[in-house]
Colleague: 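There's a structure below that I have some questions on.
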Amino acid sequence: MSFYIRLFALFSVLSFSQNKYEYIGVLKLNGDKSTVISYRIVFTEDKGKVIGYSVTDLEGKHETKNEIRGTFNNKTNELVFNEQSILYTKSKIEPSSFCFVNFEGKVKIINQNSKIEGDFKGLFENSQKCIDGKIMLIGNDKLIKQLFKINKKLQKTNRVSEKQKNEFNPLRILDSLKLNRIGADENLSIFSKNNSIKIEFWDAGKEDGDIVNLFHNGKVVLRNYNVKNQKKILDFKLVEGNNFFEIESVSEGDIMPSTPKINIIDKERNYEMMANLKKGEKAKLTIIKKAP
């Protein structure tokens, strides 16, 4: 057994002891067989209470993260969860037009072959019906096993180049599924009820000379800032309504494109992401402060 498989087996045991679970898969919408949307849920279960989040349309233009809450009955294996408030979204659709997933079904969540399958109901914020469909997810452990199985076969074949074999990294693939990326001309809207936030900037890999500008409501906060491994921490007061931030790549450094890591700390919540920008490109963050 390889080091990485042993590591993930240990991680699995620790995760289950803490009753934390993760599933990745798709939503298939009724009435249109061609519409399949990527979907991921992460939640903890404690004494039957389920709390966590979902991510819809991973790395797509409508990527949205929602809070989920529900229950799990370990005697009947019945899982119930409902998407609730939007945590962030890349979509330009009005929040009142979002269709929230509501699921109820029997599953075995503590199992190396665990999966969540069944029908879901879609409801608008006002509880009116929107589009329904099917949910098809597999557990993180199963996904890890499949990726390493594919990698093992890939390394043995002569049909692909050595470069392609080296580029197929199961750990990197898993990371890419979990890390939110924000690119040129994209806007990520984050919803907050707090009066202030912190923003952290840093280079999570090798320092290669990434240089960025940061604007807050049109004013320069950082100019020609050389992104370092050490985090740059900034505090901002929020006004009710929209608070606009803009990140501009001044230099891509030695390794293109410019990929500074960004973490927005909203009291009890963290929103970690990576900008992916070429020189001169900009990405936007909009912090929407809700009324108390």
Side-chain angles (χ1 to χ4, degrees), residues 53 55 58-67 85-95 175-176 178-292:
Y53 64 85
V55 183
L58 283 76
E59 294 197 35
K61 63 180 181 179
H62 296 292
E63 181 177 306
T64 301
K65 183 176 182 178
N66 294 294
E67 184 179 11
S85 58
I86 300 171
L87 300 175
Y88 75 66
T89 184
K90 289 182 181 178
S91 179
K92 297 179 181 178
I93 297 173
E94 288 294 321
D175 286 343
S176 70
K178 298 176 182 181
L179 182 62
N180 178 45
R181 287 176 170 79
I182 182 168
D185 300 321
E186 285 189 322
N187 179 70
L188 186 73
S189 297
I190 296 173
F191 297 83
S192 174
K193 294 180 180 178
N194 297 307
N195 295 320
S196 62
I197 60 162
K198 290 181 183 289
I199 295 183
E200 298 178 336
F201 277 86
W202 76 102
D203 192 328
K206 179 183 177 182
E207 290 183 7
D208 66 318
D210 285 350
I211 297 175
V212 299
N213 292 332
L214 175 66
F215 302 86
H216 176 216
N217 291 334
K219 297 181 179 179
V220 179
V221 177
L222 295 175
R223 185 182 295 279
N224 294 329
Y225 176 69
N226 195 334
V227 185
K228 304 288 187 182
N229 291 143
Q230 184 177 354
K231 292 182 178 180
K232 177 73 172 179
I233 304 174
L234 302 167
D235 293 286
F236 295 95
K237 297 284 187 181
L238 299 180
V239 298
E240 193 168 314
N242 294 334
N243 297 261
F244 300 106
F245 295 85
E246 195 170 50
I247 305 153
E248 179 184 22
S249 173
V250 178
S251 171
E252 300 173 68
D254 298 329
I255 305 172
M256 297 182 289
S258 179
T259 54
K261 291 280 287 284
I262 305 161
N263 188 30
I264 297 176
I265 303 171
D266 180 23
K267 283 197 174 177
E268 70 279 3
R269 294 191 181 115
N270 283 18
Y271 303 90
E272 191 169 300
M273 66 202 75
M274 178 182 286
N276 196 316
L277 302 169
K278 295 179 181 178
K279 183 178 179 179
E281 290 182 338
K282 298 178 181 179
K284 297 178 181 179
L285 302 170
T286 303
I287 314 295
I288 303 170
K289 184 180 181 302
K290 297 180 179 179

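The figures here come from the full heavy-atom set of this structure, side chains too, leaving out hydrogens, waters and symmetry mates. Along the sequence shown, the residues carry numbers beginning at 1.
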Colleague: Does NZ belonging to K284 count more than 12 external heavy atoms closer than 6.0 Å?
Modeller: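 Incorrect, the count does not exceed 12.
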Colleague: Roughly how far apart are K198 NZ and I265 CD1, rounded to 0.5 Å?
Modeller: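 Going from NZ on K198 over to CD1 on I265, the span is 7.0 Å.
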Colleague: So, for A283 and G183, which heavy atoms are closest and what is the spacing to 0.1 Å?
Modeller: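 Distance-wise, the nearest heavy atoms are CB-O, 3.4 Å.
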Colleague: To the nearest 0.5 Å, tell me how far F191 CZ sits from L87 CG.
Modeller: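 Spacing of CZ (F191) from CG (L87) equals 9.5 Å.
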Colleague: Within the distance-only criterion (no hydrogens, no angle test), does the side chain of N213 pair as donor or acceptor with the backbone N or O of V250 below 3.5 angstrom?
Modeller: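 No, N213 side chain to V250 backbone: no donor-acceptor pair under 3.5 Å.
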Colleague: Please evaluate residues N195 and L238 with respect to the criterion side chain to side chain contact (heavy atoms under 4.5 Å, CB included), reporting the C-alpha separation (whole Å), side-chain torsions for both, the decisive distance (0.1 Å), and the verdict.
Modeller: CA-CA 5 Å; N195 295 320; L238 299 180; 5.8 Å; no
Colleague: Measure across M273 and Y271 and return the closest heavy-atom pair with its distance rounded to 0.1 Å.
Modeller: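 Residues M273 and Y271, closest heavy atoms: CE-O, 3.4 Å.
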Colleague: Kindly give the heavy-atom pair with the smallest separation between L222 and V220, and that separation in Å.
Modeller: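 Result for this residue pair: O-CG1, 3.6 Å.
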Colleague: Atom CD1 of I247 and atom CD1 of I182: how far apart are they, to the nearest 0.5 Å?
Modeller: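 The distance works out to 6.0 Å.
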Colleague: Between N217 and F244, is there a donor-acceptor pair closer than 3.5 Å when you use the side chain of the first and the backbone of the second?
Modeller: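 Judged by distance alone, yes, a pair lies under 3.5 Å.
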Colleague: Nearest heavy-atom pair of A184 and L277: which atoms, and what distance?
Modeller: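 Result for this residue pair: N-CD2, 3.6 Å.
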Colleague: Would a 4.5 Å heavy-atom cut-off, applied to side chains only, mark I287 and D266 as touching?
Modeller: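 When only atoms from C-beta onward are counted, D266 and I287 do not touch, as no gap falls below 4.5 Å.
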Colleague: Checking side chain to side chain donor-acceptor pair (under 3.5 Å) for the pair E281/S249: CA distance, chi angles, key distance, verdict?
Modeller: CA-CA 6 Å; E281 290 182 338; S249 173; over 6 Å; no
Colleague: Take K90 and K61 through the test side chain to side chain contact (heavy atoms under 4.5 Å, CB included) and record every step on the way to the result.
Modeller: CA-CA 6 Å; K90 289 182 181 178; K61 63 180 181 179; 5.9 Å; no
Colleague: Check whether any side-chain heavy atom of V227 sits under 4.5 Å from a side-chain heavy atom of V212, and report yes or no.
Modeller: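 In short, these two side chains touch, coming nearer than 4.5 Å.
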Colleague: For side chain to side chain contact (heavy atoms under 4.5 Å, CB included), just list the numbers for L214 and F201, CA-CA rounded to whole Å, side-chain angles, deciding distance to a tenth of an Å, and then say yes or no.
Modeller: CA-CA 10 Å; L214 175 66; F201 277 86; 3.5 Å; yes
Colleague: Would the distance check show the side chain of N229 and the main-chain N or O of D203 forming a donor-acceptor pair, the cut-off being under 3.5 Å?
Modeller: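 Answer holds: yes.
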Colleague: If you take all heavy atoms of I288 and S189, which pair is closest and at what distance?
Modeller: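 For I288 and S189, the tightest heavy-atom pair comes out as CD1-CB, 4.0 Å.
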Colleague: Just how far is it from atom CG of N66 to atom OG1 of T64, taken to the nearest 0.5 Å?
Modeller: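 Answer for the CG-OG1 pair, N66 versus T64, is 6.5 Å.
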Colleague: Which distance, rounded to the nearest 0.5 Å, do you find between the CD1 of I190 and the NZ of K289?
Modeller: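 So the gap between those two atoms works out to 15.5 Å.
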Colleague: What I'd like to find out is whether the side chain of E186 reaches to under 4.5 Å of the side chain of E63, using heavy atoms alone.
Modeller: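 E186 does not reach E63 side chain to side chain.
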Colleague: Is E252 reaching over with its side chain to a backbone N or O of K279, donor-acceptor style, under 3.5 angstrom?
Modeller: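 Yes; judged by distance alone, with no hydrogens or angles, the pair exists.
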Colleague: Using 30° and 60° as the class limits, which term best fits the ring planes of F245 and H216: parallel, tilted or perpendicular?
Modeller: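 Ring orientation, 0 to 90° scale: parallel.
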Colleague: Decide whether T286 and N187 meet the rule of one side-chain donor and one side-chain acceptor closer than 3.5 Å.
Modeller: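 There is such a pair (donor and acceptor under 3.5 Å, judged by atom type) between the side chains of T286 and N187.
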Colleague: Under the side chain to side chain contact (heavy atoms under 4.5 Å, CB included) rule, what do K232 and L234 come out as? Steps first, then yes or no, please.
Modeller: CA-CA 7 Å; K232 177 73 172 179; L234 302 167; 4.0 Å; yes
Colleague: Just checking, K65 and Y53: is the charged tip under 6.0 Å from the six-membered ring centre and within 45° of the axis?
Modeller: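 Because its charged atom sits under 6.0 Å from the ring centre and within 45° of the axis, K65 does stack over Y53.
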Colleague: In Å, rounded to the nearest 0.5 Å, how long is the span from CD1 of I264 to CD of E200?
Modeller: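 Result: 10.5 Å between the selected atoms.
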